[in-house]
Amino acid sequence: MENNIEVKITDSPQKVAKRVYKTMVNLIQESDNSRIDIALSGGTTPDLLFDRIAHKGQEKLDWSRIHFWWVDERCVEPNSPESNFGRAYQKLLSKIPIPHDHIHRIYGESVPQLEALRYGEEIRQNLNFRGDWPVFDLILLGLGNDGHIASIFPDQIELLNCNEICDVAIHPGSGQKRITLTGKVINNANVVIFMVTGINKSTRVSEIMNNHHDAKKLPGFYVLPTHGKLIWFLDPEAASQI
């Protein structure tokens, strides 16, 4: 693996969440920046992390500095059980004293293409830039069973090189539209963390880690921050085929 890539294997999904939380706290506490911009992922994998932040972060984190964004969102109402924002609100945001205007949700209920433009512009107006792309201090990612990241799926891998900050993706199974950060934004972050747990992710993890020829079909293979650090946090099941 390259020097700016770390792989950390822990005993359980709970330990993965604990170590990601500790890494996140250290990043925030060691930064001199007046604000920290963090992009959250959806799905069920971050739930344990959200619970830990909600219960442990009250005394450790300065919420006046932290801004939360999303790497992707399903095109649904925010109160839908499929909403990434809705899940994060239930598990985390409703339990912490973060200022309301520090929560930058994607409006999944809006017209998808217009919302991709609007959210991209909100990012453009708020974040620092490095070169042509905004800089998130931390992006949290999961890895799909098919190797997708955010809402960049293998059949839409061109979104990795899209020249927009955000774009519209279509889930290959359901046809559901989604809004997603694009690859150039993800790879411009200061720190990208993969949280990957479960035996059903082990084949994709092995392909990516071992530069298998099939890995080139996987969006997750192309997450390599240009100026930052990539950290993989895995449980033993996800790491079982490395």
Side-chain angles (χ1 to χ4, degrees), residues 2-8 16-42 45-46 48-73 84-85 88-89 91-106 118-142 149-150 164-166 179-195 223-233:
E2 296 181 22
N3 291 334
N4 64 340
I5 302 175
E6 298 178 22
V7 180
K8 300 179 184 291
V16 168
K18 183 177 181 179
R19 293 194 70 181
V20 172
Y21 168 74
K22 184 176 180 180
T23 301
M24 178 178 161
V25 170
N26 289 342
L27 183 153
I28 294 167
Q29 291 182 343
E30 292 171 5
S31 173
D32 294 328
N33 295 338
S34 60
R35 64 180 281 161
I36 305 291
D37 290 286
I38 300 173
L40 303 174
S41 62
T45 303
L48 291 170
L49 174 63
F50 290 167
D51 288 340
R52 180 164 286 273
I53 296 171
H55 290 103
K56 300 285 187 180
Q58 303 288 358
E59 70 255 15
K60 295 260 188 171
L61 297 175
D62 179 0
W63 295 108
S64 69
R65 299 171 64 208
I66 298 170
H67 288 249
F68 282 134
W69 304 78
W70 274 260
V71 299
D72 69 330
E73 181 60 277
N84 289 339
F85 165 79
Y89 185 84
K91 293 281 185 180
L92 173 62
L93 303 175
S94 62
K95 301 176 181 179
I96 57 175
I98 188 169
H100 177 74
D101 61 353
H102 288 203
I103 299 170
H104 305 268
R105 80 175 181 91
I106 299 172
R118 187 205 67 79
Y119 201 60
E121 186 59 27
E122 185 173 351
I123 292 170
R124 187 185 305 277
Q125 294 295 327
N126 280 274
L127 270 64
N128 292 324
F129 270 62
R130 180 163 46 220
D132 295 330
W133 299 100
V135 179
F136 283 95
D137 296 286
L138 173 61
I139 293 180
L140 295 167
L141 293 178
I149 55 159
E164 301 292 340
I165 294 174
C166 299
I179 311 296
T180 185
L181 294 183
T182 56
K184 291 181 180 179
V185 176
I186 293 170
N187 279 329
N188 205 41
N190 287 332
V191 180
V192 178
I193 287 177
F194 269 112
M195 292 182 63
V223 178
L224 296 166
T226 308
H227 304 283
K229 178 186 291 187
L230 173 63
I231 311 174
W232 288 81
F233 286 93

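- Closest non-hydrogen pair, V192 versus P225, comes out as CG2-CG, 3.7 Å.
- Contact of the I96 side chain with the L61 side chain is not registered, since no non-hydrogen atoms from C-beta on lie closer than 4.5 Å.
- In D132, the CG atom is not crowded: 12 or fewer heavy atoms of neighbouring residues, nucleotides or ligands sit closer than 6.0 Å.
- Summarising the geometry of V223 relative to L230, their closest heavy-atom pair is O-CD2, 3.2 Å, with the distance given to 0.1 Å.
- Contact check for L40 versus P46: no side-chain heavy atoms found under the 4.5 Å cut-off.
- In this structure the side chain of H227 never reaches within 4.5 angstrom of the side chain of N190, judged on heavy atoms.
- The local environment of CG in N126 is crowded, with over 12 non-hydrogen atoms from other residues, nucleotides or ligands closer than 6.0 Å.
- In this structure a side-chain-to-backbone donor-acceptor pair under 3.5 Å is missing from T226 to N188.
- Looking at N4, its side chain does come within 3.5 Å of a backbone N or O of G228 through a donor-acceptor pair.
- In this structure, S31 and R65 have side chains that are in contact, with non-hydrogen atoms separated by less than 4.5 Å.
- The distance from atom CD1 of I66 to atom NE2 of H102, rounded to the nearest 0.5 Å, is 10.0 Å.
- Rounding to the nearest 0.5 angstrom, the gap separating the CD1 atom in I53 from the CG atom in L48 is 11.0 Å.
- Scanning both residues, A88 and W70, for their nearest heavy atoms gives CB-CZ2, 3.8 Å.
- Ion pairing between a basic and an acidic side chain is recognised when a charged N comes within 4.0 Å of a carboxylate O; R124 and E121 show such pairing.
- Minimum interatomic distance between H67 and D37 (heavy atoms only, all atoms of both residues): CB-OD1, 3.4 Å.
- Under the 4.5 Å side-chain criterion, counting only non-hydrogen atoms from C-beta, V71 is in contact with L141.
- Note that CD1 of I165 is 11.0 Å distant from CD of E122, once rounded to the nearest 0.5 Å.
- Crowding of K18 atom NZ: a count of heavy atoms from other residues, nucleotides or ligands under 6.0 Å not exceeding 12.
- Going from atom CG of L49 over to atom CE of M24 covers 6.5 Å, rounded to the nearest 0.5 Å.
- For the atom pair CG of L140 and CZ of F68, the computed distance is 8.5 Å after rounding to the nearest 0.5 Å.
- Distance alone, capped at 3.5 Å, places no donor-acceptor pair between the T180 side chain and the A150 backbone.
- For I149 against G142, the heavy-atom pair with the smallest separation is CG2-O, 3.9 Å.
- One distance of note links CG of L27 with NZ of K22; it measures 14.0 Å at 0.5 Å rounding.
- In this structure, W69 has its ring center closer than 6.0 angstrom to the ring center of Y119.
- At a threshold of 4.0 Å, the pair E73-R105 does not count as salt-bridged, since none of the basic side-chain nitrogens sits closer than that to a carboxylate oxygen.
- In terms of heavy atoms, K91 sits closest to A54 at O-CB, 3.9 Å.
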